[in-house]
Q: 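Here it is: the structure, laid out below.
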Amino acid sequence: FFFFFTGSAMNIASRIRRSIFREKTKSSDGNSLVNGSSVNEEGKDEILGVTDELIDHVRSFTIDTFKDFSLEDEKEEEEASVNPLGDEDNGLSSSANVKKDLSDWQEKHAVLVLSKSKELSQLRFKLCPRLLKEHQFWRIYFQLVRKLVAKYEVLAIQQAKIRRMAMENSKTSETKGVYEVEMSETKQRLSTGPATP
């Protein structure tokens with residue numbers, strides 16, 4: 001258990017580092033830049049809930065904000081879903097994330113907010129892993145910003161469900177189409193009689 005939990009915290013940190021590196025590489029690869037930011041970046045920020053209001057809120061965080069946050073109910077939080085809709089399978093997390101690693105949306109949000117807020121990035125550097133484990137830092141962070149980001153996460157969950165349902169429907173209709181073609185060919189063969197050699 002301890003090994004898995006430590007390993008999952010390490011996975012969070014390494015995934016975030018890789019994601020930050022990918023984001024920096026993308027913006028230096030020649031994407032059209034306007035005032036130092038990508039043209040699509042503003043829409044992406046909004047989808048991920050990284051608004052000016054959130055950045056202002058994050059600037060108010062201190063080391064004590066994180067140190068004084070109660071994690072006594074950590075086991076209950078691990079068992080309870082962070083998913084605002086309360087669904088087990090929201091399309092954003094996998095069964096490998098049972099220990100409440102970040103969902104895909106949360107990971108993308110974390111990478112973006114770290115790139116937008118030097119203050120949060122510095123706090124994370126000072127706190128992890130000396131005072132807090134990586135998963136604890138992000139659990140506290142998402143509790144502190146829950147009111148500001150919940151609607152964006154719910155929207156992402158709903159969009160993921162719609163995409164998944166659309167994919168399932170298209171697979172069903174593809175299968176149905178193949179079945180109908182096969183049935184049609186079979187009916188034609190039967191109506192024309194047996195083929196003569």
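Quick note: residue numbers are just sequence positions, from 1.
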Q: For D52, I'd like to know if atom CG has over 12 heavy atoms of other residues, nucleotides or ligands within 6.0 Å.
A: no
Q: Would you say L131 and W138 are hydrophobically clustered, going by side-chain heavy atoms of ILVMFWY under 4.5 Å?
A: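 Yes: a chain of side-chain contacts under 4.5 Å links L131 to W138.
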Q: Looking only at the aromatic ring of each residue, does the gap between the centers of H109 and F142 stay below 6.0 angstrom?
A: yes
Q: Nearest 0.5 Å, what's the CZ-CG distance between R139 and L144?
A: 13.0 Å
Q: Is there a side chain to side chain contact (heavy atoms under 4.5 Å, CB included) between V149 and L54? Walk through the geometry before answering.
A: CA-CA 8 Å; V149 301; L54 177 84; 3.9 Å; yes
Q: Would L48 and W105 satisfy side chain to side chain contact (heavy atoms under 4.5 Å, CB included), going step by step from the backbone distance to the final call?
A: CA-CA 7 Å; L48 293 173; W105 183 90; 3.7 Å; yes
Q: Counting only N and O atoms by type, is there a donor-acceptor contact under 3.5 Å from the side chain of S121 to the main-chain atoms of K118?
A: no
Q: To the nearest 0.5 Å, how far apart are CZ in R124 and CZ in F66?
A: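 Atom-to-atom, R124:CZ and F66:CZ are 11.0 Å apart.
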Q: From Y141 OH over to L127 CG, what is the distance, rounded to the nearest 0.5 angstrom?
A: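 Rounded to the nearest 0.5 Å, the OH-CG separation comes to 14.5 Å.
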Q: In Å and rounded to the nearest 0.5 Å, what is the CG to OG distance from L112 to S117?
A: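 Nearest 0.5 Å value for the CG-OG distance: 10.5 Å.
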Q: Classify the ring geometry between H57 and F61 as parallel (under 30°), tilted (30 to 60°) or perpendicular (over 60°).
A: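 The rings of H57 and F61 stand perpendicular, inter-plane angle above 60°.
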Q: When hydrophobic residues are tied together by side-chain contacts of less than 4.5 Å, even through go-betweens, does V113 share a cluster with I63?
A: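 Yes.
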Q: Return the NZ to CG distance between K108 and L102, rounded to the nearest 0.5 Å.
A: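 Separation between the atoms: 12.5 Å.
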